[in-house]
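Structure, as structure tokens:
Because only heavy atoms are used, hydrogens play no part in the values below, and waters and symmetry mates are left out as well, while side chains stay in.
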Amino acid sequence: MGKIQISPYVNFQGRAREAMAFYHAVLGGNLDLHAIDEQGKAKPAGGGDRVALARLETDGALILGGDGHPAYPPTVGDNLAIALTGIDKDRLTAAFNGLAEGGVVKMPPTRQPWGAEVGWMTDKFGINWTIAVEEE
């Protein structure tokens with residue numbers, strides 16, 4: 001059974017680059033910013049690109065974020081999710097299905113251009129979750 005990591009995922013509503021650069025300057029670590037090209041493939045985010053996935057790893061901590069999806073603009077308090085990530089597909093799929101019971105699935109687990117399979121939902125208590133099965 002693989003290890004699962006829990007971390008915050010923040011929808012920065014178009015300010016992911018600015019926010020994550022700030023956190024990187026304060027916390028240090030390794031910052032990766034990814035965008036999606038016209039063919040739907042992941043690429044390093046350039047200066048004018050919408051950030052699809054921002055990932056800051058520092059001293060065992062992980063902060064995830066992005067510019068958000070235009071079809072799902074968040075309201076205050078709805079821009080933060082709990083992210084579960086790991087490589088154990090069976091365990092994370094079971095977690096996704098269990099957390100989704102009585103809630104609202106916003107995106108079923110779907111293969112992403114950077115290789116992970118990601119799904120997100122709001123559970124029956126109104127808490128947002130992002131579940132990501134990463135490649136080994």
Side-chain angles (χ1 to χ4, degrees):
M1 186 181 316
K3 188 167 100 175
I4 292 177
Q5 184 169 16
I6 191 167
S7 58
Y9 181 94
V10 184
N11 177 340
F12 290 105
Q13 292 186 275
R15 297 181 69 192
R17 181 183 310 279
E18 175 188 0
M20 294 298 275
F22 172 73
Y23 299 146
H24 183 237
V26 172
L27 301 171
N30 184 39
L31 175 62
D32 291 315
L33 301 174
H34 301 276
I36 306 298
D37 69 14
E38 296 80 28
Q39 289 77 37
K41 294 189 177 9
K43 67 173 189 162
D49 291 331
R50 180 180 159 277
V51 176
L53 175 66
R55 182 180 178 98
L56 175 60
E57 292 185 71
T58 181
D59 297 324
L62 175 65
I63 299 172
L64 301 170
D67 283 331
H69 192 287
Y72 299 101
T75 56
V76 174
D78 190 35
N79 61 332
L80 184 67
I82 298 171
L84 292 178
T85 60
I87 59 172
D88 188 333
K89 182 174 181 163
D90 291 338
R91 186 172 179 201
L92 289 165
T93 298
F96 182 92
N97 292 334
L99 290 165
E101 285 182 31
V104 176
V105 173
K106 295 179 177 177
M107 183 177 78
T110 306
R111 173 81 49 201
Q112 300 301 309
W114 56 90
E117 188 173 303
V118 179
W120 50 290
M121 97 286 291
T122 301
D123 70 18
K124 64 184 176 183
F125 302 105
I127 303 300
N128 293 308
W129 290 86
T130 298
I131 312 293
V133 179
E134 299 178 339
E135 295 180 324
E136 291 187 52

**OP:** Under the side-chain contact (heavy atoms from CB on, under 4.5 Å) rule, what do Glu18 and Phe12 come out as? Steps first, then yes or no, please.
**Re:** CA-CA 9 Å; Glu18 175 188 0; Phe12 290 105; over 6 Å; no

**OP:** Using the side-chain contact (heavy atoms from CB on, under 4.5 Å) rule, take Asp88 and Ile4 through it: C-alpha gap first, then chi angles, then the decisive distance, then the call.
**Re:** CA-CA 8 Å; Asp88 188 333; Ile4 292 177; 5.6 Å; no

**OP:** Give the C-alpha distance, both sets of side-chain angles, the deciding distance and a yes or no for side-chain contact (heavy atoms from CB on, under 4.5 Å) between Lys43 and Asp49.
**Re:** CA-CA 10 Å; Lys43 67 173 189 162; Asp49 291 331; 3.2 Å; yes

Subject >> Working for side-chain contact (heavy atoms from CB on, under 4.5 Å), residues Lys106 and Asn128 >> reply: CA-CA 10 Å; Lys106 295 179 177 177; Asn128 293 308; 3.3 Å; yes

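Judged purely by atom type and a 3.5 angstrom limit, Arg91 has no side-chain atom pairing as donor or acceptor with the backbone of Lys3. With Asp32 contributing its side chain and Arg55 its backbone, the two residues share no donor-acceptor pair below 3.5 Å. Side-chain atoms of Asp123 do not come within 3.5 Å of backbone N or O of Leu99 as any donor-acceptor pair. Under the 3.5 Å distance criterion, the side-chain polar atoms of Gln13 are left unmatched by any main-chain donor or acceptor of Asn11.
Grouping the Ile, Leu, Val, Met, Phe, Trp and Tyr side chains by contacts below 4.5 angstrom, directly or via other members, places Trp120 apart from Val10. Criterion: ILVMFWY side-chain heavy atoms under 4.5 Å apart, direct or through other members. Under it, Leu53 and Leu56 are not part of a common hydrophobic cluster.
The minimum heavy-atom distance linking Gly40 with Pro113 is given by the pair O-CG, 2.8 Å. Closest approach of Leu80 to Pro8, counting heavy atoms only: CD1-CB, 4.1 Å. Between Ala132 and Val118, the shortest heavy-atom contact is CB-CG2, 3.9 Å. Here the shortest heavy-atom pairing between Ala83 and Leu64 reads CB-CD1, 3.8 Å. The two residues Gly115 and Glu135 come nearest to each other via the heavy atoms O-CG, 3.4 Å. Contact detail for Gly29 and His24: the closest heavy-atom pair is O-NE2, 3.0 Å.
Residues Val105 and Phe96 meet the side-chain proximity criterion, which asks for heavy atoms closer than 4.5 Å.
The distance from atom CD1 of Ile82 to atom OG1 of Thr130, rounded to the nearest 0.5 Å, is 10.0 Å. The OH atom of Tyr9 lies 11.0 Å from the CG atom of Asn79; values are rounded to the nearest 0.5 Å. Atoms CG and CE, on Leu31 and Met20 in that order, are 5.5 Å from each other to the nearest 0.5 Å. Interatomic distance, Ile131 CD1 to Leu84 CG, rounded to the nearest 0.5 Å: 4.0 Å. Taken from CH2 in Trp129 to CD1 in Ile6, the straight-line distance is 5.0 Å, to the nearest 0.5 Å. For the atom pair CE (Met107) and CE (Met121), the distance works out to 10.5 Å, reported to the nearest 0.5 Å.
Around the CZ atom of Arg15, the shell of radius 6.0 Å holds no more than 12 heavy atoms that belong to other residues, nucleotides or ligands. When the shell of 6.0 Å around CG of Asp59 is examined, it contains 12 or fewer heavy atoms from other residues, nucleotides or ligands.
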